[in-house]
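All values reported here derive from a predicted model rather than from experimental measurement. When a residue number appears, it is its place in the shown sequence, counting from 1.
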Amino acid sequence: MQFIIQKDYLVRAVHDVMKAVSSRTTIPILTGIKIVATEDGVTLTGSDSDISIESYIPIEKKEKEIVEIQKTGSVVLQAKYFSEIVKKLPQDTVEIEVENHFMTKIKSGKSVFNLNGLDAEEYPHLPQIEEQSMFKVPTDLLRNMIRQTVFAVSTSETRPILTGVNWKVEDGILFCTATDSHRLAMRKAAIESGSSDLTANVVIPGKSLTELSKILDDSDESVEIVITDYQILFKTKHILFFSRLLEGNYPDTSRLIPSESKTDLQVNTKAFLQAIDRASLLAREGRNNVVKLTAFEGNPLAVSSNSPEIGKVVEEIQYESMQGEELKISFSAKYMMDALKAVEGSEISISFTGAMRPFLIRPINDDSTLQLILPVRTY
């Protein structure tokens with residue numbers, strides 16, 4: 001195998017596939033990156049069994065030559081060393097040549113590295129996915145849907161199913177739901193599908209979605225999404241991203257969402273977020289950053305926190321409108337700030353059903369996003 005490639009394209013592809021490479025794998029060859037050169041271009045692959053990423057670099061792009069293939073072939077190189085080498089090479093072009101026994105020469109300007117390689121035939125094959133349950137989502141929308149839900153997955157392995165985001169497809173709508181049993185984030189959006197009766201109900205590991213969102217470009221092109229029983233595949237022009245699915249049934253979260261409320265507030269998102277942020281500075285340690293919200297009609301909202309060892313803070317902010325009963329409620333400042341950052345829109349509505357009942361946060365006039373938080377008992 002021998003080819004010359006533009007360094008910036010190689011660095012980007014290596015950066016993408018490295019997100020799937022783990023040093024803790026039980027399969028030694030998976031600590032490497034597989035490189036395959038064909039007459040059409042160069043493909044790099046990284047995998048840790050849970051996530052597999054394939055990045056394709058074509059011969060040319062927009063009539064600009066990116067790769068010059070001199071000899072086709074394949075090799076697996078140690079990811080840790082290969083990734084560091086390509087980042088630090090001195091010139092804009094890189095020559096990679098595989099010699100006897102997979103010894104690989106990497107040349108750029110006056111710099112020459114020789115890396116021991118492995119036989120690419122030993123590298124596990126990526127899953128073969130039949131494209132039956134396929135739909136499309138615009139790249140920017142997909143990134144938003146991940147950002148607005150993945151933060152709410154559980155970090156505890158006691159209930160592994162909650163470490164993932166539930167994706168449900170019904171009637172041309174994709175519903176994404178995440179919960180760690182203390183809070184819930186939901187986002188829904190219409191999808192493009194070749195089949196009007198497409199249905200799906202899967203749980204994708206939160207880690208996989210986080211890594212995917214880092215790879216997706218800021219583009220208006222759509223991502224093709226293919227779901228099978230055990231795998232999900234995200235396809236863009238030059239990236240294939242495979243993830244395993246979590247086994248088990250995701251809990252029915254619809255019954256957690258209150259259908260009525262006793263107190264409804266409408267506030268400015270930014271002002272409320274900043275007030276919570278300041279109040280959390282003195283929130284009691286060990287109590288998950290608890291802050292208290294007090295609402296009386298005709299008076300400003302009071303956001304407060306109290307730490308006997310440090311001090312206390314009370315901050316007043318104006319609401320846009322308030323309806324219903326007066327309210328005193330305590331909650332995690334971190335959960336509230338996470339939720340407010342995930343909600344798009346300058347105004348939000350918060351619906352409370354009592355001091356110890358879950359409350360809902362939504363953007364005004366937008367039912368595509370919903371955040372739910374359980375209060376904290378402070379007495």
Look at [X] together with [Y] and state whether they make a salt bridge at an N to O cut-off of under 4.0 Å.
X	Y	answer
Asp338	Lys334	yes
Glu344	Arg147	yes
Lys341	Asp277	no
Asp8	Arg12	no

Do [X] and [Y] belong together in a cluster built from hydrophobic side chains that touch within less than 4.5 Å?
X	Y	answer
Tyr335	Ile276	yes
Ile215	Val150	yes
Val313	Leu281	no
Leu141	Leu370	no
Val36	Ile106	no

Contact between [X] and [Y] at the side-chain level, heavy atoms closer than 4.5 Å - yes or no?
X	Y	answer
Ile53	Val21	no
Ile69	Val42	yes
Val291	Phe331	yes
Val67	Leu10	no
Thr199	Asn201	no
Phe359	Leu265	no
Thr72	Met1	no
Val98	Thr104	yes

[X] side chain to [Y] main-chain N or O, any donor-acceptor pair under 3.5 Å?
X	Y	value
Ser307	Gly311	no
Thr228	Gln231	yes
Ser305	Ser280	no
Ser368	Ala189	no
Thr139	Asp217	no
Ser74	Ile35	no
Gln318	Pro300	no

Take atom [atom1] in [X]; do more than 12 heavy atoms of anything else shown fall under 6.0 Å from it?
X	atom1	answer
Asn365	CG	no
Lys292	NZ	no
Gln266	CD	yes

Closest contact, heavy atoms only, [X] versus [Y]:
X	Y	answer
Leu273	Leu340	CA-CD1, 3.7 Å
Pro358	Leu256	CG-O, 4.3 Å
Val76	Asp119	CG2-O, 4.3 Å
Glu347	Asn268	OE2-ND2, 3.8 Å
Pro363	Val343	CG-CG1, 3.6 Å
Ala295	Met322	O-CE, 3.7 Å

For a quick test of your reading: what N or O donor-acceptor pairs under 3.5 Å do the side chains of residues 235-245 make, sequence neighbours left out?
{"from": "Lys235", "atom 1": "NZ", "to": "Glu131", "atom 2": "OE2", "distance (Å)": "2.9"}
{"from": "Thr236", "atom 1": "OG1", "to": "Ile239", "atom 2": "N", "distance (Å)": "3.1"}
{"from": "Ser243", "atom 1": "OG", "to": "Ser208", "atom 2": "OG", "distance (Å)": "2.8"}
{"from": "Arg244", "atom 1": "NE", "to": "Asp50", "atom 2": "OD1", "distance (Å)": "2.8"}

Interatomic spacing from [atom1] in [X] to [atom2] in [Y] - rounded to 0.5 Å:
X	Y	atom1	atom2	value
Lys168	Ile173	NZ	CD1	13.5 Å
Ser222	Asp140	OG	CG	9.0 Å
Ile204	Thr163	CD1	OG1	12.0 Å
Lys136	Glu192	NZ	CD	6.0 Å
Ser330	Asn306	OG	CG	11.0 Å
Ile5	Glu68	CD1	CD	11.5 Å

Run Ile57 and Ile66 through side chain to side chain contact (heavy atoms under 4.5 Å, CB included) and show every step you take.
CA-CA 8 Å; Ile57 307 166; Ile66 300 166; 3.6 Å; yes
Start with the C-alpha gap between Asp180 and Arg183, add the side-chain angles, then the distance that decides, and say whether salt bridge (Lys or Arg N to Asp or Glu O under 4.0 Å) holds.
CA-CA 6 Å; Asp180 61 4; Arg183 56 176 167 178; 3.4 Å; yes
Apply side chain to side chain contact (heavy atoms under 4.5 Å, CB included) to residues Phe352 and Glu325 and explain how you reach the verdict.
CA-CA 9 Å; Phe352 300 92; Glu325 302 174 1; over 6 Å; no
Candidate pair Phe113 and Tyr81, rule ring-ring contact (aromatic ring centres under 6.0 Å, His included), full reasoning
CA-CA 10 Å; Phe113 286 85; Tyr81 299 104; over 10 Å; no
Could you list all the salt bridge (charged side-chain N to carboxylate O under 4.0 Å, His left out) pairs where at least one residue sits in residues 78-107, not counting sequence neighbours?
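Listed once each, the pairs are Glu84-Lys87, Glu84-Lys88, Glu99-Lys105.
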Show, in sequence, the C-alpha distance, side-chain angles and deciding distance for Tyr123 and Leu30, and conclude whether the side chain to side chain contact (heavy atoms under 4.5 Å, CB included) test is met.
CA-CA 7 Å; Tyr123 198 88; Leu30 290 185; 3.8 Å; yes
Worked check of side chain to side chain contact (heavy atoms under 4.5 Å, CB included) between Met145 and Leu174
CA-CA 10 Å; Met145 294 184 80; Leu174 169 62; 4.0 Å; yes
For a quick check under 3.5 Å, do Ser332 and Asn289 share a side-chain donor-acceptor pair by atom type?
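Asn289 and Ser332 do not have a side-chain donor-acceptor pair below 3.5 Å.
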Going by the salt bridge (Lys or Arg N to Asp or Glu O under 4.0 Å) test, name the single residue among Arg187, Arg362, Lys188 that passes it with Asp367.
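With Asp367 as partner, Arg187, Arg362, Lys188 yield a single salt bridge (Lys or Arg N to Asp or Glu O under 4.0 Å), made by Lys188.
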